[in-house]
Amino acid sequence: GESVGLHLPTLSVQEGDNSIINCAYSNSASDYFIWYKQESGKGPQFIIDIRSNMDKRQGQRVTVLLNKTVKHLSLQIAATQPGDSAVYFCAEKTAGGGADGLTFGKGTHLIIQP
Amino acid sequence: DAGVIQSPRHEVTEMGQEVTLRCKPISGHNSLFWYRQTMMRGLELLIYFNNNVPIDDSGMPEDRFSAKMPNASFSTLKIQPSEPRDSAVYFCASSSRLGEQYFGPGTRLTVT
């Protein structure tokens, strides 16, 4: 029979515009969140993280917002560039103190149009 | 820093054969993770180690899968016997106590 794969949400933005990628997480006990970027043929690459005692964190051209009330995470990329084209994953980790495995979301495919 | 190193990068094997994937974590990292990525299921955690000790292997699909970490600088993921449904990209990641995980380039496994 026909195989059905993941239908990744796709976000298409013009080069130079800002982009916002959203993620809903399910575990209210999660206390650490990470955004990863995965380019074709490569492993996920760390972008930015945030702990549950914060609601906003900024990096270089990226900002992560955390809304624990509705269990929502977003990644904002300013002035998108062609190199930003990739699949973006949010990941969460529950409280535990040490390094534990991450639970990944399904991913969003960001396409930058010239 | 060389980052996480995985070998081989590509593996093609026939059903029933044994497959061994290898990983060298970043020096100084005390946690190592094995993930599997497929179109059907996305990125899934298989098993992870802290200080060379397996902590959680609940993600390992079945007894055909096994993982070892004999020392702080080396880990293997073995599939015996392999099946076509094991075809996927297998990632190894490592982290320090701070939690940020660094991923290797992955091994693309094809079982025919």
Side-chain angles (χ1 to χ4, degrees), chain A residues 1-10 23-27 29-54 57 59 62 64 66 86-109, chain B residues 1-6 9-10 21 23 25-26 28-60 67 84-85 87-108:
Chain A
E2 180 181 0
S3 64
V4 178
L6 290 175
H7 295 288
L8 293 181
T10 298
C23 177
Y25 64 94
S26 57
N27 191 342
S30 293
D31 68 339
Y32 178 60
F33 305 88
I34 308 177
W35 279 100
Y36 281 91
K37 171 187 179 183
Q38 187 176 24
E39 297 174 276
S40 180
K42 297 183 179 180
Q45 178 186 4
F46 173 88
I47 301 175
I48 191 168
D49 60 358
I50 189 169
R51 298 201 176 272
S52 59
N53 60 352
M54 303 172 67
R57 189 161 189 230
V62 295
V64 56
L66 174 63
V87 177
Y88 289 80
F89 295 94
C90 65
E92 61 184 295
K93 183 174 78 70
T94 57
D100 298 316
L102 297 170
T103 300
F104 280 81
K106 300 303 182 187
T108 295
H109 190 186
Chain B
D1 190 344
V4 176
I5 299 173
Q6 291 187 245
R9 293 295 310 278
H10 303 274
L21 311 182
C23 175
I26 293 172
H29 283 188
N30 61 345
S31 296
L32 182 141
F33 307 81
W34 283 101
Y35 291 87
R36 177 173 69 177
Q37 187 174 40
T38 63
M39 287 299 297
M40 291 291 292
R41 302 175 66 88
L43 201 56
E44 303 173 283
L45 175 68
L46 299 177
I47 184 172
Y48 74 93
F49 298 81
N50 280 347
N51 297 316
N52 311 339
V53 176
I55 302 300
D56 183 358
D57 65 354
S58 60
M60 296 286 263
R85 60 193 169 120
S87 297
V89 181
Y90 291 80
F91 289 103
C92 176
S94 70
S95 75
S96 64
R97 288 180 300 157
L98 296 176
E100 178 185 328
Q101 295 183 21
Y102 294 85
F103 282 74
T107 296
R108 180 173 295 277

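Numbers restart at 1 for each chain; the letters A, B, ... are given by sequence-line order, proteins then strands.
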Quiz item: Parallel, tilted or perpendicular for A:Phe46 and B:Tyr102, by the 30°/60° rule?
Solution: tilted

Quiz item: How would you list, by chain and number, every residue that makes a side-chain contact (heavy atoms from CB on, under 4.5 Å) with B:Cys92, sequence neighbours excluded?
Solution: B:Val4, B:Gln6, B:Cys23, B:Leu32, B:Trp34

Quiz item: Considering the options A:Asp49, A:Ile34, A:Leu102, which one meets the side chain to side chain contact (heavy atoms under 4.5 Å, CB included) requirement together with B:Gln101?
Solution: A:Leu102

Practice problem: Nearest 0.5 Å please: distance from the CD1 atom of A:Ile48 over to the CD atom of B:Glu100. | Solution: 10.5 Å

Quiz item: For B:Gln37 and A:Phe89, which heavy atoms make the closest approach, and how far apart are they?
Solution: NE2-CZ, 3.6 Å

Practice problem: Give the minimum heavy-atom separation between B:Phe91 and A:Gln38, together with the two atoms involved. | Solution: CZ-NE2, 3.4 Å

Practice problem: Would you mind checking which part of B:Arg108 comes under 4.5 Å of any heavy atom in chain A, side chain (CB onward), backbone (N, CA, C, O), both or neither? | Solution: neither

